S.K.: 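Okay, handing you the structure first.
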There are 2 protein chains.
Amino acid sequence: MPVSQPTSIQRPSPVALHRAEVKRPRGRPRKTAEDRDDGNRRAALLQAAAALFRRKGFAATTTRDIAAAAGMQSGSPFYHFKSKDALLFAVMEEGMTSALARQHTTLALSRAANPLAQLRGLVHAHFLVLLGPQSDFIPVMLYESRSLKPAQREKLSALQSQYENLWVPVLKALHASGHLRAPVVLARLLILGALNWSVQWFDPHKKASVDDLSDAAMALFVGGSVASS
Amino acid sequence: MPVSQPTSIQRPSPVALHRAEVKRPRGRPRKTAEDRDDGNRRAALLQAAAALFRRKGFAATTTRDIAAAAGMQSGSPFYHFKSKDALLFAVMEEGMTSALARQHTTLALSRAANPLAQLRGLVHAHFLVLLGPQSDFIPVMLYESRSLKPAQREKLSALQSQYENLWVPVLKALHASGHLRAPVVLARLLILGALNWSVQWFDPHKKASVDDLSDAAMALFVGGSVASS
DNA sequence: CCTACCGATCGGTAGG
DNA sequence: CCTACCGATCGGTAGG
């Protein structure tokens with residue numbers, strides 16, 4: 001099974017870059033096969049790290065835990081990531097990028113709808129990001145950001161602001177129409193908090209579904225069903 | 001400046017209790033001095049641990065950090081607490097006991113008031129517990145409980161249930177009167193989540209006060225001012 | 001409560 | 001990506 005060079009997603013170190021440019025024998029298509037595999041292993045590490053960081057926290061998770069969960073030996077994660085910190089940052093960045101894309105789609109699909117329906121769309125999609133399948137990345141970002149170094153935190157805060165700002169026009173419209181009674185800025189903070197906290201108590205094996213949660217949240221925040229616009 | 005004995009809030013371990021009962025030489029008032037000192041140092045450790053656990057998390061905080069913050073040498077915390085785990089548990093138990101007492105007082109004071117005023121009282125007191133002076137203990141309990149051993153978590157969950165159940169009658173009354181539109185159980189989870197999340201973003205140096213937050217939360221959850229009952 | 005210390009674990013690296 | 005390893009740190013303890 002062929003093995004791998006780093007994909008361009010991860011910035012290659014000067015050394016690796018140099019290697020990639022210089023050495024390149026003529027034989028079989030080594031690079032393609034290599035890249036595929038590496039993306040594979042890198043993605044496995046990200047997924048394993050996200051799951052462990054979420055369950056045990058960043059500081060309580062060892063790089064050996066992560067390596068084992070991805071089926072590697074203890075030193076191997078450092079072939080893909082410069083440090084444990086870099087792994088944490090990659091998990092968060094991946095989570096935010098994917099969540100942002102999801103919410104952009106949600107808003108695009110409900111552009112013609114009324115603000116209540118738009119809020120319901122944002123709420124539902126946010127619950128899915130937190131509680132749905134492959135939902136380890138964003139909870140890690142929400143609950144482990146104090147483990148980031150300042151420079152990393154700054155990079156992420158740009159994405160976070162983008163995400164929060166998606167909610168503002170919708171909330172403003174609902175405030176203007178009288179559906180939302182609290183000031184928009186505080187409302188955004190309180191609403192996202194109510195949703196974010198669900199990762200602490202939501203149990204997919206119990207009766208309440210993500211749809212039930214979304215209905216309850218809408219009833220709580222804007223006092224009724226989407227229909228009653 | 002007289003210093004305090006441990007309040008009965010902290011249950012003394014059987015060993016300490018035994019010692020206090022048995023040994024009591026006749027000379028100077030040794031026991032008093034010892035206990036006073038011990039309560040002093042123990043409380044300092046609890047406070048230092050709470051602040052550090054809140055800021056850096058349990059796993060990322062070393063017992064040496066805590067000792068230094070309390071002005072001790074590295075091995076000394078283990079004279080007062082059996083283990084780092086025990087310190088975490090003590091912080092949480094102290095926080096819960098104190099928060100419960102506070103909310104009982106709140107409810108007692110507003111027993112004659114209408115449910116909206118009662119909710120406002122609970123919300124305000126909860127914000128104070130999270131964000132007011134000496135507010136490190138409850139945030140630690142909220143955000144670090146996964147670091148507890150199962151037996152410890154079980155002991156705490158009794159106190160947590162007590163705390164949550166204080167809200168239910170008030171929410172039920174508001175649901176019956178039409179002020180609260182969401183199902184009571186989910187409403188309690190979402191409301192407490194919205195409040196709990198405030199520890200992530202509240203900045204006492206900014207303009208919004210705890211009173212402003214309470215007003216906004218009431219407006220968001222029950223759509224208006226307390227007066228409009 | 002301090003001094004002096006131990007055993008285990010951890011992030012990370014060299015070299016292939 | 002593995003093997004073999006290092007230096008540092010950490011929770012905890014003995015003995016006073």
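To find a chain, count down the sequence lines: A is the first, B the second, and so on, and within it residues start at 1. Note that these values count all heavy atoms, side chains included, but never hydrogens, waters or copies made by symmetry. Here the structure is a predicted model, which means the values were calculated and not measured.
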S.K.: Starting from Watson-Crick (N1-N3 plus N6-O4 or O6-N4) and G-U wobble pairs under 3.5 Å, report the runs of at least three that DNA chain D belongs to.
M.R.: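 Stem list for DNA chain D: C:1-16 with D:1-16.
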
S.K.: Is the ring pair B:W197/B:Y143 parallel, tilted or perpendicular, if the boundaries are 30 and 60 degrees?
M.R.: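 If you compare the ring of B:W197 with that of B:Y143, the planes turn out tilted.
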
S.K.: Could you check whether A:D211 pairs with A:R120 (Lys NZ or Arg NE/NH1/NH2 to Asp/Glu carboxylate O, under 4.0 Å)?
M.R.: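 A salt bridge is present here (some side-chain N lies under 4.0 Å from a carboxylate O).
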
S.K.: Using a 4.0 Å heavy-atom cut-off to protein, can you give one letter per nucleotide of nucleotides 5-16 of chain C, 5' to 3': B if the base is in contact, S if only the sugar-phosphate is, - if neither?
M.R.: B----BBBB---

S.K.: Charged N to carboxylate O under 4.0 angstrom, B:R146 versus A:E144?
M.R.: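 Looking at B:R146 and A:E144, the cut-off is met.
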
S.K.: Got a second to check how far B:K149's NZ is from B:D85's CG, nearest 0.5 Å?
M.R.: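 These two atoms lie 4.5 Å from each other.
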
S.K.: Can you sort out the partners of B:Y163 under side-chain contact (heavy atoms from CB on, under 4.5 Å), two or more places apart, ordered by chain and number?
M.R.: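 Applying side-chain contact (heavy atoms from CB on, under 4.5 Å) to B:Y163 gives B:M96, B:A99, B:L100, B:Q103, B:H126, B:W167.
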
S.K.: What is the separation between atom CD on A:Q73 and atom P on D:dC2, rounded to the nearest whole Å?
M.R.: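 Answer to the nearest Å: 5 Å.
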
S.K.: Checking side-chain contact (heavy atoms from CB on, under 4.5 Å) against A:L213, which of B:L190, B:L189, B:L186 comes through?
M.R.: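 Going through the options one by one, the only one that passes is B:L186.
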
S.K.: Any Lys/Arg nitrogen of A:K207 or A:D212 sitting under 4.0 Å from an Asp/Glu carboxylate oxygen of the other?
M.R.: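 No, no charged N to carboxylate O under 4.0 Å.
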
S.K.: Say you draw a straight line from CG of B:L52 to CD of B:Q47; how long is it, rounded to the nearest 0.5 Å?
M.R.: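 Here the interatomic distance stands at 9.5 Å.
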
